[in-house]
Visitor: 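The structure under discussion is supplied below as C-alpha cells; questions concerning it will follow.
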There are 2 protein chains.
Amino acid sequence: MANNQELDALFQNLADPTRRAILARLAHGPATVTDLAAPFDMALPSFLQHLRKLEDGGLIETTKQGRIRTCTLRVGALAPARTWMEEQRLLWEGRHDRLEDYLATLTKGPDDHG
Amino acid sequence: MANNQELDALFQNLADPTRRAILARLAHGPATVTDLAAPFDMALPSFLQHLRKLEDGGLIETTKQGRIRTCTLRVGALAPARTWMEEQRLLWEGRHDRLEDYLATLTKGPDDHG
DNA sequence: CTGATTGTTAGCCATGAGACTAACTATCAT
DNA sequence: ATGATAGTTAGTCTCATGGCTAACAATCAG
C-alpha cells in the first residue's frame, strides 16, 4: 500500500489541468521543454514550475543535453493512485451486500416522518 | 470523456489524506458527521470543510434527519478519474512500440557522450 | 566575439486551502 | 424551560499554489 504522502503528492499533481495535459502529451513520446510549453498560453517560468512538480512527484524524468531538456514519462508512476482507487472500488462493492441491511435498520428506527 | 474542471475537483479532493480517509471509512457504510470526525485530531469546523468539499465534488451525499447528518458514498464518483488513468495507461502502452524507435534516433544523433 | 535560442533563477503578487476559535442554531431529553 | 448534543456560521490566520516580470546563464550558429 502506498504511503499517504505519496498519494497526496500524486493526486495533487493530477489536480491541475496543465499538468494532466503535459502527461497526456508525453504519453505520445518524449518532448523538449519548449515543445511541451508551446500549446499553453503561459509564461515559460510558470510552465517550468509545473514540470518541476511533475519531476519532484516522480511522474516524469528529464535529461538535459546541450541547452535542450527532454522530458519523458515515468511509466508506472500512476500505479499507487490506481491501486488506491481499486481498493476503494473493492470496498464499495463489498458494501453492497450490507446496504440493504443498513436500510432495514433505518425503517426500524424510532421515528420516520418520511 | 470527463470535463477538465470535473477532474480538477476530483483529484483535488483526493489529494487530501483526511478526505481519502473519510472515503475509505464511508466505503464500509454510511456514518454520521460526529462518528466520521471522531478519529481525526481536528476541530469540527475544519472537518466539516472537508465534508463540504467532498459533497461539492459529488463524492458523497448527506442527508439530515433531526440533528443528525448522515453521509453516504456516491458510488461511481471516482469513475472519471479511473477513466482518465485508464486512457493514460493505454497511451503509454501504445507508446512502447515507438520507444525503441525513438531510442534509435537518439543514438544516431550528432553527439552521444554516454 | 556577437547574437539568438533555451532554459533557469529570483522576487513579487493574488488567491485558495486548511487549520483555528468563538458564537450561534437546532434538536432531543428531562 | 434547561441543558446537553449535533452541527453550523463567521471571522481570523498561515502557508502553499500558480501566475507574472525581469534578469541571468548556458549553449549553439555565424
Side-chain angles (χ1 to χ4, degrees), chain A residues 4-23 25-26 30-57 59-72 106 109-114, chain B residues 4-23 25-26 30-57 59-72 109-113:
Chain A
N4 258 1
Q5 292 186 340
E6 186 183 359
L7 284 176
D8 288 0
L10 190 41
F11 283 124
Q12 187 62 50
N13 248 322
L14 296 177
D16 184 280
T18 300
R19 289 192 292 266
R20 283 200 309 279
I22 292 173
L23 293 177
R25 182 159 174 146
L26 283 182
T32 70
V33 170
T34 306
D35 279 356
L36 279 175
F40 300 97
D41 188 18
M42 183 184 298
L44 235 202
S46 312
F47 183 79
L48 281 181
Q49 285 183 343
H50 288 297
L51 279 188
R52 179 155 305 170
K53 280 212 167 184
L54 287 172
E55 192 170 14
D56 287 350
L59 286 160
I60 68 173
E61 275 174 7
T62 77
T63 55
K64 196 167 179 178
Q65 202 162 346
R67 16 169 208 182
I68 309 283
R69 180 172 294 278
T70 302
C71 306
T72 322
L106 278 192
D111 175 32
D112 76 355
H113 69 68
Chain B
N4 259 0
Q5 292 185 339
E6 186 183 0
L7 284 176
D8 289 0
L10 189 41
F11 283 124
Q12 188 61 52
N13 249 322
L14 296 178
D16 184 281
T18 300
R19 290 194 292 268
R20 283 200 310 277
I22 292 174
L23 294 178
R25 181 158 175 146
L26 283 181
T32 70
V33 170
T34 306
D35 279 356
L36 279 176
F40 299 97
D41 187 19
M42 185 184 297
L44 236 203
S46 312
F47 184 78
L48 282 180
Q49 285 183 344
H50 288 297
L51 280 187
R52 178 154 305 169
K53 280 211 166 186
L54 287 172
E55 191 169 15
D56 288 350
L59 286 160
I60 68 173
E61 276 173 8
T62 77
T63 55
K64 197 167 179 179
Q65 203 162 347
R67 24 173 199 176
I68 309 282
R69 180 172 294 278
T70 301
C71 305
T72 323
D111 176 30
D112 77 354
H113 69 71

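Letters go in sequence order (proteins before strands), and every chain restarts at 1.
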Visitor: Considering residues at least two apart in sequence or located in another chain, which fulfil the side-chain hydrogen bond (donor to acceptor under 3.5 Å, both in side chains) criterion with D8(A)?
Guide: R20(B)

Visitor: Between L48(B) (CG) and dA23(C) (P), how many Å, whole number?
Guide: 19 Å

Visitor: Could you state the NZ-C1' distance from K53(A) to dT8(C), rounded to the nearest angstrom?
Guide: 18 Å

Visitor: Judged by each residue's nearest nucleotide on DNA chain D, which is more toward the 5′ side, D16(A) or T32(B)?
Guide: T32(B)

Visitor: Per the side-chain hydrogen bond (donor to acceptor under 3.5 Å, both in side chains) rule, what does the pair list look like for residues 37-53 of chain B, sequence neighbours excluded?
Guide: R19(B)-H50(B)

Visitor: Who pairs with A9(A) by side chain to side chain contact (heavy atoms under 4.5 Å, CB included), at least two apart in sequence or on another chain?
Guide: none

Visitor: Please identify each residue that fulfils salt bridge (charged side-chain N to carboxylate O under 4.0 Å, His left out) with E61(A), with sequence neighbours left out.
Guide: R74(A)

Visitor: Between dA17(C) atom C1' and L14(B) atom CG, what is the distance in whole Å?
Guide: 16 Å

Visitor: Can you check whether R19(A) has a side-chain N or O nearer than 4.0 Å to OP1 or OP2 of dT17(D)?
Guide: no

Visitor: Produce a footprint string for nucleotides 20-30 of chain D: one letter per nucleotide, 5' end first; B if the base is under 4.0 Å from any protein heavy atom, S if only the sugar-phosphate is, - if neither.
Guide: BBB----BS--

Visitor: Between F11(B) (CZ) and dT17(D) (P), how many Å, whole number?
Guide: 18 Å

Visitor: Between dA17(C) atom P and L54(B) atom CG, what is the distance in whole Å?
Guide: 13 Å

Visitor: Output the rounded distance in Å from CG (D56(B)) to P (dA17(C)).
Guide: 11 Å

Visitor: dG18(C), dT17(D), dT8(D): which one has an atom nearest the side-chain heavy atoms of R69(B)?
Guide: dT8(D)

Visitor: Between dA19(C), dT9(C), dG19(D), which one does the side chain of H50(B) approach most closely?
Guide: dA19(C)

Visitor: Starting from the 5' end of DNA chain C, give me the residue, Q12(A) or I68(A), whose nearest nucleotide shows up first.
Guide: I68(A)

Visitor: So, do T72(B) and L26(B) sit near enough that their side-chain heavy atoms are less than 4.5 Å apart?
Guide: no

Visitor: Would you mind reporting whether V33(B) and T70(B) have side-chain heavy atoms less than 4.5 Å apart?
Guide: no

Visitor: Mind checking side-chain hydrogen bond (donor to acceptor under 3.5 Å, both in side chains) for R69(B) and listing every partner two or more places apart, or none if nothing turns up?
Guide: T62(B)

